[in-house]
Amino acid sequence: TSLIAAPLAPLSPATADTARTMNGVTMPATIEVAGHSLTLNGMALRKKFVIKVYVAGLYLGSPSGDGPEILAADSPRQMVMHFISGHGSKDKICGAWNDGLKDNTPNASAELKQQFVELCGMMQDIKKDERLTITYLPGTGTTINIAGTDKGTIAGKEFADALLACWIGPKPGPGDGFKKNLLGKS
């Protein structure tokens, strides 16, 4: 008998779209965003000392393990942060983003720095089991959603790239292991 002639079992939806779970947080393998199908590229756990803060998932139109390639592409993407502790304070989140901007976007323009101020103005403390969702759509900008409520949209790809670089840039705030996991490398 030939292996080539063996019948293939049909893929059921559950087989084709397997969710992934990390630290009790489940994220679907694919999502629809404004008519675009995005695939879960990777998941990572953000720890601060011994505290598990959030599980992040990065969704892209085309999976990639290359941070600069992801940032160069002008295509839809979404970062989901599911908080697993009550340590999502507005001040800590904004401080981390400001550090990430300094570390990953040297010589940031005054306009870009002002957009990070605007971003922090949208923030609030994030409770256990709430999600912060950051969605970039070309031509629209980056929409910030906290616990299911849109807080605002910031225009421009430069802002979207600077924000995502906080996690997948040369000096990711949560560390290289976190970055590798988001890039699907481990």
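Since this is a predicted model, take the numbers as computed values, not measurements. Worth knowing before you read on, the calculation uses all heavy atoms, side chains too, and leaves out hydrogens, waters and symmetry mates. Quick note: residue numbers are just sequence positions, from 1.
Nearest approach of Leu112 to Leu101, heavy atoms of both residues: CD2-CD1, 3.9 Å. Closest heavy-atom contact between Met123 and Lys90: O-CD, 3.5 Å. Here the closest heavy-atom approach between residue Leu40 and residue Tyr59 is recorded as N-CD2, 3.4 Å. Looking at every heavy atom in both residues, Pro174 comes nearest to Arg46 through CB-CD, 3.4 Å. Minimum heavy-atom separation, Thr153 to Met122: N-CE, 4.0 Å. Closest of all the heavy-atom pairs between Asn41 and Arg20 is O-NH1, 4.4 Å.
Hydrophobic clustering (side-chain heavy atoms under 4.5 Å, transitive across Ile, Leu, Val, Met, Phe, Trp, Tyr) keeps Val55 apart from Leu182. Linking ILVMFWY residues whenever their side-chain heavy atoms come closer than 4.5 Å, directly or via other members, places Ile134 and Ile126 in the same cluster. In the hydrophobic cluster analysis, where Ile, Leu, Val, Met, Phe, Trp and Tyr join through side-chain heavy atoms closer than 4.5 angstrom, Ile51 is grouped together with Leu132. Cluster membership for Leu137 and Ile154, using ILVMFWY side-chain heavy atoms within less than 4.5 angstrom, is not shared. Trp167 and Leu38 are assigned to two separate hydrophobic clusters, defined by single-linkage of ILVMFWY side chains at heavy-atom distances under 4.5 Å.
Taking 4.5 Å as the limit, every side-chain heavy atom of Val33 sits out of range of all side-chain heavy atoms of Pro76. Here the side chains of Glu158 and Ser109 are in contact, with some heavy-atom distance below 4.5 Å. Within the 4.5 Å cutoff, the side chain of Ile144 has no heavy atoms near those of the Glu118 side chain. Within the 4.5 Å cutoff, side-chain heavy atoms of His82 are placed close to those of Ile84. Side chains of Leu183 and Ile70 form a contact here, defined as non-hydrogen atoms less than 4.5 Å apart. Residues Lys157 and Tyr136 form a side-chain contact, since some pair of their non-hydrogen atoms from C-beta on lies under 4.5 Å apart. The shortest distance between side-chain heavy atoms of Leu58 and Leu164 falls below 4.5 Å. Under the 4.5 Å side-chain criterion, counting only non-hydrogen atoms from C-beta, Trp97 is in contact with Ile93.
Electrostatic pairing of Asp161 and Arg77 counts as a salt bridge here, judged by a charged N lying under 4.0 Å from a carboxylate O. Salt bridge annotation for Asp176-Lys179: absent, with no cationic side-chain nitrogen under 4.0 angstrom from a carboxylate oxygen.
Put simply, the side chain of Gln115 never gets that close to the backbone of Ala160: no donor and acceptor are under 3.5 Å apart. The backbone N or O of Gly42 sits nowhere less than 3.5 Å from a side-chain atom of Asn181 that would complete a donor-acceptor pair.
One distance of note links NZ of Lys52 with CE of Met22; it measures 10.5 Å at 0.5 Å rounding. Taken to the nearest 0.5 Å, the CE atom of Met27 stands 4.5 Å off from the CZ atom of Arg131. In this structure, CG on Leu60 lies 10.5 Å from CE on Met79, to the nearest 0.5 angstrom. One finds the SG atom of Cys166 at 13.0 Å from the NZ atom of Lys171 (value rounded to the nearest 0.5 Å). Here the OG1 atom belonging to Thr135 is positioned 7.0 Å from the CD1 atom belonging to Ile31, to the nearest 0.5 angstrom.
Annotation for Lys151: atom NZ counts as buried by contact number, over 12 foreign heavy atoms lying within 6.0 Å. Other residues, nucleotides and ligands contribute only 12 or fewer heavy atoms inside 6.0 Å of the CD atom of Glu111.
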Take Tyr54 and Asn23, measure what side-chain hydrogen bond (donor to acceptor under 3.5 Å, both in side chains) needs, and give me the verdict at the end.
CA-CA 9 Å; Tyr54 61 81; Asn23 266 75; over 6 Å; no
With side chain to side chain contact (heavy atoms under 4.5 Å, CB included) as the test, would you mind laying out the steps for Asp129 and Phe83 before giving the verdict?
CA-CA 5 Å; Asp129 290 326; Phe83 283 76; over 6 Å; no
